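These notes concern the structure reproduced below.
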Amino acid sequence: MRTIVLIVIVVVLMLFGILNINALTFPHTLSLGFVTYTGVPLGLILLLLGLVLALVFYFWAGVTGLRAQADSAKLLRDMEGLRVSLDSQEGSRFAQLQTHLDQRLSLLETQVQAPKALGLGKELSPSDLAATNARIDALQRDLNLQLAQLDDYLKRKLG
């Protein structure tokens, strides 16, 4: 878009210069305060100054655009690093949770096998076993729900 505007400005200035070549090249006296020049085409100087200013602002806008792109690229790199860090933290939390669940399940298995191993003769009744299985199923559903909520939260935050 900037290039099109610059081209339009240059074409308009060239058309203006061609149509008014006599007025632009008419000799004038130019005073800079400490020196005076005679026979200077003041109109042509002002036209060229306008062209130079248009080019300066064009390149200035280009540099500003490049800076904005560099800043957004840096922000994207930072966000990717943050995502990797969060993923690794989440992975370690899942590993800790898995270890904890394995310990709890082995403890439950030991508690279930202990009366049989000691020969106490007291086995778990089917109702106790059903209650334990129901409790494990409820904990598993709760854990799956919490993991799904955590996943949704991270997807919303990280995009």
Side-chain angles (χ1 to χ4, degrees), residues 1-19 24 32-33 42-159:
M1 181 66 185
R2 289 187 323 256
T3 306
I4 294 171
V5 171
L6 179 67
I7 290 172
V8 168
I9 289 172
V10 169
V11 168
V12 168
L13 284 176
M14 286 177 55
L15 184 62
F16 177 76
I18 291 171
L19 292 176
L24 291 175
L32 299 176
L42 188 60
L44 191 59
I45 291 173
L46 291 176
L47 184 66
L48 292 175
L49 182 66
L51 181 63
V52 168
L53 284 176
L55 289 173
V56 165
F57 283 118
Y58 172 76
F59 288 117
W60 182 34
V63 169
T64 303
L66 288 176
R67 281 187 187 151
Q69 288 177 353
D71 288 344
S72 73
K74 182 181 180 291
L75 180 64
L76 287 174
R77 281 191 306 269
D78 291 346
M79 286 179 63
E80 181 64 23
L82 179 63
R83 187 191 63 78
V84 167
S85 172
L86 286 174
D87 282 347
S88 67
Q89 289 175 3
E90 182 182 0
S92 68
R93 281 193 293 260
F94 282 136
Q96 289 173 351
L97 180 62
Q98 182 67 39
T99 305
H100 177 72
L101 287 175
D102 288 343
Q103 290 172 354
R104 294 288 296 200
L105 288 175
S106 65
L107 180 64
L108 275 175
E109 185 177 316
T110 305
Q111 288 174 352
V112 167
Q113 298 297 332
K116 291 179 186 176
L118 294 175
L120 296 175
K122 182 183 182 213
E123 293 185 20
L124 288 177
S125 68
S127 64
D128 290 340
L129 191 55
T132 303
N133 284 338
R135 176 75 175 137
I136 289 173
D137 289 340
L139 288 173
Q140 184 178 9
R141 282 192 303 273
D142 185 44
L143 180 63
N144 286 338
L145 178 65
Q146 288 179 2
L147 289 176
Q149 288 174 349
L150 178 65
D151 187 46
D152 290 342
Y153 173 77
L154 288 175
K155 283 180 183 175
R156 278 194 316 269
K157 285 297 181 182
L158 297 177

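Predicted model, so just to flag it, every value in this text is computed and none were measured.
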If you measure from CG on Leu147 to CZ on Arg93, what distance do you get to the nearest 0.5 Å?
10.5 Å
Would you indicate whether the side-chain heavy atoms of Gln146 and Leu150 approach each other to under 4.5 Å?
no
Run Asp151 and Lys155 through salt bridge (Lys or Arg N to Asp or Glu O under 4.0 Å) and show every step you take.
CA-CA 6 Å; Asp151 187 46; Lys155 283 180 183 175; 3.2 Å; yes
Quick one: do Asp87 and Arg83 satisfy salt bridge (Lys or Arg N to Asp or Glu O under 4.0 Å)? Show the steps, please.
CA-CA 6 Å; Asp87 282 347; Arg83 187 191 63 78; 2.7 Å; yes
For side chain to side chain contact (heavy atoms under 4.5 Å, CB included), just list the numbers for Leu105 and Glu109, CA-CA rounded to whole Å, side-chain angles, deciding distance to a tenth of an Å, and then say yes or no.
CA-CA 6 Å; Leu105 288 175; Glu109 185 177 316; over 6 Å; no
Please, which pairs that meet ring-ring contact (aromatic ring centres under 6.0 Å, His included) have at least one residue in residues 132-159, sequence neighbours excluded?
none
Are Glu80 and Arg77 ion-paired here, with the side-chain N under 4.0 Å from a carboxylate O?
no
Determine, stepwise, if the pair Asn133 / Leu129 fulfils side chain to side chain contact (heavy atoms under 4.5 Å, CB included).
CA-CA 6 Å; Asn133 284 338; Leu129 191 55; 4.1 Å; yes
Are the side chains of Gln140 and Asn144 in touch, meaning some heavy atoms are under 4.5 Å apart?
yes
Can you tell if the side chain of Thr132 reaches within under 4.5 Å of the side chain of Ile136, non-hydrogen atoms only?
yes
Tell me every residue that passes ring-ring contact (aromatic ring centres under 6.0 Å, His included) with Phe57, counting only those two or more places apart in sequence or in another chain.
Trp60
From NZ (Lys74) to CE (Met79), nearest 0.5 Å
13.0 Å
Within the structure provided, determine whether Leu86 and Lys157 are in side-chain contact (heavy-atom separation under 4.5 Å).
no
For a salt bridge (Lys or Arg N to Asp or Glu O under 4.0 Å) check, start with the C-alpha distance between Arg141 and Asp137, then their side-chain angles and the critical distance, and finish with the verdict.
CA-CA 6 Å; Arg141 282 192 303 273; Asp137 289 340; 5.2 Å; no
So with a 6.0 Å cut-off around CD1 of Ile4, is the heavy-atom count from everything else above 12?
no
Does any part of the side chain of Leu13, heavy atoms only, come nearer than 4.5 Å to the side chain of Ile9, both counted from C-beta?
yes
Spacing of Leu97 atom CG and Asp102 atom CG [to the nearest 0.5 Å]:
9.5 Å
